[in-house]
Number of protein chains: 4
Amino acid sequence: MSEHRSGPVRNEAARQAILEAAASLFEEHGYDRLTMEGIAARAHTGKQTIYRWWRSKGDLVADCLLEGLILPDQLIPPSTGDVRADLAVWLERIFGLLQDSRGEGLLRSLVAAAAGNADVGRRLRNSLWANSSLIERLRAAAETGELPADLPLPEVSEALLGAVILRALGREAADPEAVDRLLTVVLGVR
Amino acid sequence: MSEHRSGPVRNEAARQAILEAAASLFEEHGYDRLTMEGIAARAHTGKQTIYRWWRSKGDLVADCLLEGLILPDQLIPPSTGDVRADLAVWLERIFGLLQDSRGEGLLRSLVAAAAGNADVGRRLRNSLWANSSLIERLRAAAETGELPADLPLPEVSEALLGAVILRALGREAADPEAVDRLLTVVLGVR
Amino acid sequence: MSEHRSGPVRNEAARQAILEAAASLFEEHGYDRLTMEGIAARAHTGKQTIYRWWRSKGDLVADCLLEGLILPDQLIPPSTGDVRADLAVWLERIFGLLQDSRGEGLLRSLVAAAAGNADVGRRLRNSLWANSSLIERLRAAAETGELPADLPLPEVSEALLGAVILRALGREAADPEAVDRLLTVVLGVR
Amino acid sequence: MSEHRSGPVRNEAARQAILEAAASLFEEHGYDRLTMEGIAARAHTGKQTIYRWWRSKGDLVADCLLEGLILPDQLIPPSTGDVRADLAVWLERIFGLLQDSRGEGLLRSLVAAAAGNADVGRRLRNSLWANSSLIERLRAAAETGELPADLPLPEVSEALLGAVILRALGREAADPEAVDRLLTVVLGVR
DNA sequence: CAATAAGCGAGACGGTACGTCTCGTCTTGCT
DNA sequence: AGCAAGACGAGACGTACCGTCTCGCTTATTG
């Protein structure tokens with residue numbers, strides 16, 4: 001005597017099509033101009049099928065993040081043995097992304113999505129800075145003694161990424177000197 | 001033969017009413033649920049009068065910022081002579097603001113506004129971290145020798161505020177220990 | 001070698017539950033707001049079980065009629081020996097039904113159902129005026145000589161019921177004088 | 001000091017376009033398949049412009065009736081001097097209309113619209129039988145003595161039209177003999 | 001007495017239309 | 001000319017049902 005619920009199960013193809021449609025439209029137009037009707041149309045799906053499984057645009061985008069459909073994997077810092085240099089490269093790469101309007105829009109769309117939806121915020125937090133490759137790189141450096149062992153890595157990560165986001169929101173161009181100064185402040189090494 | 005147009009000139013009362021209506025609705029409902037229609041109604045104004053002088057909702061909110069109608073001045077750090085303690089108080093005050101849903105929404109609404117509109121972003125940058133009371137406080141500390149004279153204050157400011165915003169976006173509660181660790185990382189004092 | 005398929009046969013309980021659910025919802029909300037989903041839910045039935053046996057909402061309502069689940073039997077004219085008086089009573093009773101909103105909706109729902117579905121129309125015709133108790137009453141009167149033997153009863157019936165329906169559609173209140181004039185016109189007696 | 005309301009007045013072109021779109025779609029597809037979206041599209045109008053002025057599809061169709069955009073004027077009885085013959089021709093013409101599916105649908109759509117909307121019902125009543133050309137024809141006959149002067153014309157009209165509608169709802173074909181019998185019953189002449 | 005095939009409840013699916021909301025523009029008449 | 005009021009075309013929102021389809025039972029007949 002099971003807990004059995006009769007009836008059809010969720011259609012995985014539809015789920016995938018919706019997530020992919022949402023992700024591609026997100027990258028094309030950004031969060032604000034992302035519409036449920038557009039997603040449904042591109043996914044060849046009824047709108048109701050979206051609303052059946054996600055309560056809002058934000059929820060849907062949050063799932064896209066979880067599935068890795070939105071964020072480029074170029075955000076992994078290099079690992080040459082010199083943290084300071086690796087992080088400088090990483091930061092400049094990110095700032096580079098923000099130069100062209102695609103990347104600029106992507107980051108700001110993510111921020112807007114996170115600002116508008118708690119779930120997106122939390123998931124973004126997990127995938128971007130709480131359990132990120134950045135933290136991994138920092139931990140590796142701490143273990144080799146390159147960084148002080150008692151450096152609180154989450155706060156370092158937050159300070160770095162926070163500064164990046166702030167510059168992006170403020171539409172401030174990033175020069176190598178600024179990157180250098182930021183690293184000096186946060187890593188405490190000259 | 002003057003350059004002067006005929007007809008009435010801009011109605012200052014209308015301008016003020018619109019800015020105040022926008023600011024109050026912004027604080028009540030946040031950026032997303034702020035509508036041009038609602039602003040016009042509360043300001044007893046025609047919508048066209050808004051569109052005549054501001055190109056978008058974002059522009060309007062940016063002006064509200066400039067006029068100091070939106071951000072509470074509670075964000076000025078105290079000045080007791082102990083930077084570390086002052087900043088700790090300041091950070092905890094901000095995190096406190098983010099606890100209740102009003103302040104939570106306010107910050108995230110500002111972030112969303114900045115993400116969606118370049119002008120808002122730049123103006124927010126100027127009033128919040130580039131020329132802010134935070135920088136003032138840091139400069140004072142640098143002058144008294146409390147902080148190293150060569151500490152790059154803009155980067156310190158960015159790292160601190162950036163971390164705050166990141167925690168807000170990630171819906172992360174802030175505890176005193178985290179504040180302490182953050183200050184340790186950024187100010188480089190234990 | 002029988003023609004009999006294997007497998008279970010039609011579930012009579014389900015059939016009954018569906019008809020009853022349809023009839024009760026019809027009386028509660030009228031034809032327009034009658035939904036297949038609502039019927040299925042009230043009958044604890046899958047929608048497919050309805051569609052398996054009826055092609056449309058109209059078909060289903062038509063069957064409800066046939067089973068006598070919808071029309072009250074209060075529509076039988078009295079039989080006191082005085083046709084004119086009996087029909088007057090009958091007409092006023094019907095007009096009375098139409099006064100309160102339940103009966104008003106019922107008749108108009110029937111009309112709407114008939115207008116939208118040929119089968120409903122034909123079945124309604126049979127149960128309401130072609131082989132109705134009204135015709136019975138008229139025939140009895142014709143046999144006793146109260147009415148002319150050559151009076152074409154179907155046309156009399158149509159004229160009377162048609163007038164009733166017209167008044168209902170036109171939202172015209174019915175007064176006893178109007179009933180009297182109608183009977184004068186149709187029965188040809190003063 | 002007037003009751004003046006500033007702002008633009010109703011756009012007559014839009015009003016006309018909407019009524020014409022509704023009327024044409026009504027004749028093409030009938031009441032049930034008439035959609036607000038279709039009307040808005042054909043009228044090059046926003047849906048809101050329809051809902052601003054009419055509360056429902058029914059209201060809109062009622063106005064189409066008032067404007068004479070829906071009903072063909074073929075419903076005027078001829079006037080040869082012989083009422084009985086004129087009405088026979090008129091009835092047969094109507095029954096003829098009901099033969100082809102366009103007219104069939106039109107009448108039943110009108111009935112459905114009237115059944116579903118009180119306003120449509122009342123307006124249809126006024127334009128179809130309360131102040132109709134049928135009544136005119138009957139009155140003329142009463143004045144020339146062709147019909148008894150005390151014949152209650154509204155009831156005659158109701159009985160005739162009611163019978164027509166009943167046959168239409170019951171999907172009953174009409175033969176000349178039936179028409180004749182109906183006239184005998186209602187006009188009381190042989 | 002299995003195999004098999006239909007009935008059944010539940011409910012997901014692709015759709016259509018709904019009625020509402022807001023946008024940014026346009027129009028009107030007052031000041 | 002500036003303004004308030006507000007109508008307008010546009011189009012996304014989230015909801016309600018439609019009629020079909022798929023699932024995993026259950027159940028009667030038949031080989």
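Per chain, numbering begins at 1; letters A, B, ... match sequence-line order. Computation of the quantities below employed the complete heavy-atom set of this structure, encompassing side-chain atoms and omitting hydrogens, waters and symmetry-equivalent molecules.
Here salt bridge (Lys or Arg N to Asp or Glu O under 4.0 Å) pairs that include residues 35-56 of chain D, with residues two or more places apart or in two chains, are Glu28(D)-Arg42(D), Glu37(D)-Lys47(D). Here salt bridge (Lys or Arg N to Asp or Glu O under 4.0 Å) pairs that include residues 106-115 of chain C, with residues two or more places apart or in two chains, are Glu104(C)-Arg108(C).
Contacts between residues 110-117 of chain C and DNA chain F, defined by a heavy-atom separation below 4.0 Å, involve no residue at all. Annotation: proximity of residues 28-41 of chain C to DNA chain F (heavy atom, distance under 4.0 Å) is found for Thr35(C), Met36(C), Glu37(C), numbered in ascending order. In the region residues 44-56 of chain A, proximity to DNA chain F at under 4.0 angstrom, judged on heavy atoms, holds for Lys47(A), Gln48(A), Tyr51(A).
Not a single salt bridge (Lys or Arg N to Asp or Glu O under 4.0 Å) links Arg122(B) to another residue, sequence neighbours left out. Residues forming a salt bridge (Lys or Arg N to Asp or Glu O under 4.0 Å) with Glu67(B) (at least two apart in sequence, or on another chain): Arg15(B). With sequence neighbours excluded, no residue forms a side-chain contact (heavy atoms from CB on, under 4.5 Å) with His44(B). Here Ala17(D) pairs with Ala43(D) under the side-chain contact (heavy atoms from CB on, under 4.5 Å) rule; sequence neighbours left out. Checked against side chain to side chain donor-acceptor pair (under 3.5 Å), Arg171(C) has no partners two or more places apart in sequence or in another chain. Judged as a side chain to side chain donor-acceptor pair (under 3.5 Å), and not counting sequence neighbours, Gln48(B) has no contacts. Remark: Arg123(C) engages Asp63(C), Asp119(C) in a salt bridge (Lys or Arg N to Asp or Glu O under 4.0 Å) (not counting sequence neighbours).
Atom P of nucleotide dA12(F) and atom CZ of Arg42(A) are separated by 14 Å, given to the nearest angstrom. One atom, CZ of Arg10(C), and another, P of dG9(E), lie 11 Å apart when rounded to the nearest Å. In this structure, Ile18(A) places its CD1 atom 13 Å from P of dA12(E), rounding to the nearest Å. Atom-to-atom, NZ of Lys57(B) to P of dC23(E) comes out at 6 Å; the value is rounded to the nearest Å. In this entry the distance linking CG of Leu60(D) with P of dC18(E) reads 11 Å, nearest Å.
For the atom pair OG of Ser24(D) and CG of Leu19(D), the computed distance is 11.0 Å after rounding to the nearest 0.5 Å. Here the CG-OG1 distance, from Leu25(A) to Thr35(A), works out to 7.0 Å after rounding to the nearest 0.5 Å.
For the pair Asn11(C) and Arg15(A), both in contact range of DNA chain E, the more 5′-proximal nearest nucleotide belongs to Asn11(C). When the nearest nucleotides of DNA chain F are assigned to Glu12(B) and Ala43(D) by heavy-atom distance, the more 5′-ward of the two goes with Glu12(B).
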